[in-house]
Amino acid sequence: MDNNGNANANSPSPLERAGERCILITGGAGFIGSHVVRLFVNKYPDYTIVNLDKLTYAGNLENLRDIEHKTNYKFIKGDIVDSDFIHQLFDTYKFSAVIHLAAESHVDRSIASPMEFVTTNIIGTVNLLNAARQLWKPALDTVDSSANLFYHISTDEVYGTLGEHGLFTEKTSYDPHSPYSASKASSDHMVRSYADTYGLPAVITNCSNNYGPFHFPEKLIPLALNNIKNNKSIPVYGKGENIRDWLFVEDHAKAIDLVFHKGKAGQTYNIGGHNEWKNIDLIKLLCSIMDKKLNRTPGTSAKLITFVTDRAGHDLRYAIDASKIKKELGWVPSVRFEEGLEKTVDWYLANESWLNNVTSGNYKQYYEKQYAQR
Ligand code: NAD
Ligand code: DAU
């Protein structure tokens, strides 16, 4: 690779390098996945990073334009639910590790259409577990399987809801309420069952709400920013009293890097921002930041706030106790909320074409031109 990071004609292709440390990242074209792929591709030039993504409505290769030319990066369009395809892929690339983020991720969609969550989040995960188990079987039969790791990215929503007090720890019992969180809980259980039954080296992290660049504008923060910008109403579910614990997405990606390299197989780590916000307070804050950025009279954007029917089964409060990952691996969030929100707002205002492409569906034309359907 030259100094600008461009491909060198003599450098080996990802396939030639696949026998070295070849890591499968699933869902890498999504919000969090794209930050994880970028971090790994840039930080670990000796790894080959294969990004497998079905490019659903949430997958967008525009999120990865800055690294798509790197010689240690390869994108593959495919579905984790297709077990023959997944087995072939593992056979070809001989992945030494998997970081699994691919999922249907939006709670409201899971309420409208639960079956996609069952197929992708549960069956898709089990397909990956089976393929990893088959490929790594010789190593699993010996004592040394430390070269392999199945890293499952999960959510704090598996723990259900908190009342006014307390925090989710790794020991909190699972109590999911939405089809989304039930499907993630189920996939977590399947990962643990493969670790306990077959000795598959696996680790799980359960993280709180992420925010930042490339966040699909169906989720609260980017939806609110987009609507404020376009003078559209901001829908607040119920009374806006629900509480979420927000973490800047790059801090999550750094935690994933740390757990991947230093975490202990068989363990679970909670990741969170120690940053609880009532939805209505967060939206009011976003309104005041946007008024300033858009030179509007203070109070203009807040007029767009509209209380709407509550989400069915809406969990009241999530908040993470992240003391285990701090104590054992030394991770703490590095981005203060004010700083992270400012970066996020600036990013959305500066990347109008990304937002317009996503909201109009045009980004699909970008990838459809580049990658034929499998
Ligand atoms: P996202 O919806 O932005 O991205 C999901 C990605 O998975 C998309 O690129 C999509 O195309 C891909 N995908 C979906 N179905 C697929 C399939 N069948 N085969 C291959 N690829 C498929 O989601 P996100 O917010 O980036 O979340 C990523 C992971 O992190 C998920 O597992 C989610 O449960 C978990 N998580 C998210 C948050 C959060 O706040 N967003 C917090 C904690 C955990
Ligand atoms: O906690 C981690 C989870 O955070 C992840 O596992 C999920 O993948 C991710 O989508 C997110 O789930 P939430 O349901 O918490 O995120 P969402 O942005 O959809 O909603 C945040 C809060 O805002 C929630 O209390 C519902 C509320 N809300 C949401 C939307 C989209 C509104 O009041 N209005 C809205 O329009």
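In listed order, ligands and their atoms are each counted from 1. Reckoned from all heavy atoms, side chains included, excluding hydrogens, waters and symmetry mates.
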**Q** Any heavy atom of Gly28 sitting closer than 4.0 Å to ligand 1?
**A**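 The answer is no, since Gly28 has no heavy atom less than 4.0 Å from ligand 1.
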**Q** Between His215 and ligand 1, is there a nitrogen or oxygen pair with a distance under 3.5 Å?
**A**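 No, there is no polar N/O contact under 3.5 Å.
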**Q** Considering the heavy atoms of Asn279, write down every atom of ligand 2 situated less than 4.0 Å from one of them.
**A**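 Close to Asn279: 22 (C), 23 (O), 24 (C), 25 (O), 27 (C).
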**Q** Which residue supplies the protein heavy atom nearest to atom 36 (O) of ligand 2, what is that atom called, and how far is it?
**A**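 Closest protein heavy atom to atom 36 (O) of ligand 2: Pro235 O, 3.4 Å.
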**Q** Please list the nearest protein heavy atom to atom 11 (O) of ligand 1 with its residue and the distance rounded to 0.1 Å.
**A**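 That would be Asp53 OD1, 2.5 Å.
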**Q** Is the centre of the Tyr211 ring less than 6.0 Å from the centre of the Phe337 ring?
**A**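 Yes.
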**Q** Just distances here: any N/O of Tyr180 and N/O of ligand 1 closer than 3.5 Å?
**A**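 So ligand 1 has an N or O lying under 3.5 Å from an N or O of Tyr180.
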**Q** Should you measure from each heavy atom of Asp156, which atoms of ligand 2 turn up under 4.0 Å away?
**A**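 Contacts of ligand 2 toward Asp156, numbered from 1: 1 (O), 2 (C).
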**Q** Between Asn206 and ligand 1, find which residue part has any heavy-atom pair under 4.0 Å and reply side chain, backbone, both or neither.
**A**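 Neither part.
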**Q** For the 3.5 Å polar cut-off, considering only N or O atoms, please tell me whether Cys207 and ligand 2 meet it.
**A**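 No, no N or O pair falls under 3.5 Å.
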**Q** Tell me whether Asn60 has any N or O atom under 3.5 angstrom from an N or O of ligand 1.
**A**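 By distance alone, the answer is no.
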**Q** Please indicate whether any nitrogen or oxygen in Ala102 is less than 3.5 Å from any nitrogen or oxygen in ligand 1.
**A**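 It does not: no N or O of Ala102 is found under 3.5 Å from an N or O of ligand 1.
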**Q** Below 3.5 Å, N or O to N or O, backbone or side chain included: is there any such pair between His100 and ligand 1?
**A**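 Such a contact does not occur with ligand 1.
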